[in-house]
Amino acid sequence: MSFRSFRFFLARFTKPHHHPLASMGCSPLSSLHAPPCSPHHHHPHIDERLILDQISHLFPIPTSKFQNSILEPFKPSHPDAKSVDAFLPPEDKLRGVFLQKLKGKAAIETALSNVGADVDVNILGKVLDNGNLSGEFMVTFFNWAVKQPGIPNDVGSYHVVVKALGRRKFFVFMMGVLCDMRKRGINGDSLLLSIVIDSFVRAGHVSRAIQIFGNLDDLGVRRDTEALNVLLSCLCHRSHVGAANSVLNSMKGKVCFDVGTYNVVAGGWSKIGKVGEVERIMREMEADGVGPDCRTFGFLMESLGRVGRIDEAVEVFCGMREKNCQPDTAAYNAMIFNFVSVGDFEECMKYYKRMLSDNCEPDLDTFVRIISGFLRVRKVADALQMLDEMLRRGVVPSIGTITVFIKRLCSYGPPYAALVIYKKARKLGCMISMEAYKILLMRLSEVGKCGTLLSIWEEMQECGYSSDLEVYEYIISGLCNVGQLENAVLVMEEALHKGFCPSRLVYSKLSNRLLATEKTERAYKLFLKIKHARSLENARNYWRSNGWHF
């Protein structure tokens, strides 16, 4: 029965002067008995509940939907039904709450609690570090997160939020969080101090960073030698050595200096080749009764090497024993760096063997400097030999070191040596960065190593990395280079299905290859899909430019 006939039926049933119940002896509504008419009304009073009960027999509609929702809680029709955002990780669900632009902190905290995610420090960092949350929303989320059982209310949790706020230059909110931390009775530590100072220094607010050191009581940190070394390290790391030297002079007599205090400033001058300043720092050390150590001499030798005074650096190295300072790994690293910088690898390996004979164990910095020097002059065999030596001694390269090696090797020649380093790092259990995978895929795509290309792509996905637009373009281009057009079309369709629209250069390359092999129909279907994908991409760009999120 249509909706129009149902309205007509109700209209007939509720006419004031017509009583259909008397003539419906066999009707399904014949069980209804209207009460006697009131003298003040011209139509009978009909019980709507009884009408709905009778209509339920005529239409396949569940009985009294509103009554059931009141009498008993809602029960889903499918117990195993999943929410529409079940595929999202917890950090994206929590960050998506702020896209709803809810008004009031209570509404936001209620929505965050309804997400049902188990929040820990790891998820806290992912929510705050990624995305484009405002400073107010970041503080709101952190205040809600510290109330959860998985987030400890200690200084470690404040490390995460302070670092995230400082990285985005939300200094007003960062200082507000620090004030709340002190109100809750939590004292800061040296790591928190370094995060705060480095945030200001990185943004160019050097005077504000020095002012923070003058008001350490606001952070609950003592103004001692350790705190001074943190300030000097942050300034020298960001190449503000002059400011660090001024702080060092102003703090004389107020804070006790140790050898580490002088070494921080000496290292800053050494990076820019200021030999005179390094020598001045060493004279001040001796005047204050602080003896220089091997690290201090290493900075002096390194500064001499940067200005090309290698012979003087050798004299300083030989004179260390006369000053009762036995050369250690840092001193040998300085000499190795000097000879690598001038391309004298014979003397470099001489000092390396001398280091081993003096029972000084080489560290990661030693091998990185030697291998980087070999790769710079394209001595790939020697670099691989030193890599084997490093792994044999149990020195594990970092993720950034592996990326630098692979990037250097992929800049010239075939990618064989880069694949050797990649496989050895994987075998050792080292983490490979997404940048390293992209560099390998790009180089393999250029030389047409399709089988290796696909295997590296599969291993990248096994490591938890998801393919982005660049990865798909490298795969499509590599498949086109070896003539696997059907597979290239399949990869292109997968990229379009995930919302990635390859560049016009990559699409033109594939389309021209299809037309050259007389696959016109295949090329036309791909053209239609590309046209639709580009229209969607333009729409998304327009949405995001207007601040819309769908």
Q) Where do Val97 and Trp144 land on the side chain to side chain contact (heavy atoms under 4.5 Å, CB included) test, with the steps shown first? A) CA-CA 13 Å; Val97 171; Trp144 170 83; over 6 Å; no
(Q) Are the side chains of Arg167 and Arg202 in contact, using a 4.5 Å heavy-atom criterion? (A) yes
Q. With no hydrogens and no angle check, do the side chains of Tyr422 and Glu459 hold a donor and an acceptor under 3.5 Å apart?
A. yes
**Q.** Within-4.5 Å side-chain heavy-atom neighbours: Arg393 and Glu361
**A.** yes
Q: Ignoring hydrogens and angles, tell me if any N or O in the side chain of Arg168 forms a donor-acceptor pair with the backbone of Leu133 under 3.5 Å.
A: yes
(Q) Do Pro362 and Phe367 make a side-chain contact, defined as non-hydrogen atoms from C-beta onward lying under 4.5 Å apart? (A) yes
Q) Without hydrogens or angle criteria, can the side chains of Tyr474 and Glu446 be said to hold a donor-acceptor pair below 3.5 Å? A) no
Q) Which residues pass the ring pair (Phe, Tyr, Trp, His ring centres under 6.0 Å) test with Phe337, sequence neighbours left out? A) none
Q | Side-chain touch Lys147/Glu109, heavy atoms, less than 4.5 angstrom | A | yes
Q: Decide, yes or no, whether a salt bridge links Asp198 with Arg238 under the criterion of side-chain N to carboxylate O below 4.0 Å.
A: yes
Q: Return yes if a side-chain donor-acceptor contact under 3.5 Å exists between Lys509 and Ser477, otherwise no.
A: yes
(Q) Within the structure provided, determine whether Leu453 and Leu440 are in side-chain contact (heavy-atom separation under 4.5 Å). (A) no
**Q.** Closest approach of Tyr262 to Ile281 (non-hydrogen atoms, all atoms of both residues)
**A.** O-CG2, 3.7 Å
Q. Lys498 and Glu494: salt bridge (Lys or Arg N to Asp or Glu O under 4.0 Å), yes or no, with the steps?
A. CA-CA 6 Å; Lys498 291 186 177 181; Glu494 179 183 342; 3.6 Å; yes
Q) Cationic tip of Arg208 within the cone over Phe171's six-membered ring, i.e. under 6.0 Å and within 45° of the normal? A) no
Q.
Regarding Thr225 and Asp258, do their side chains bring together a donor and an acceptor under 3.5 Å, going by distance alone?
A. no
(Q) Check for me whether the distance between the ring centres of Tyr158 and Phe142 falls short of 6.0 Å. (A) yes
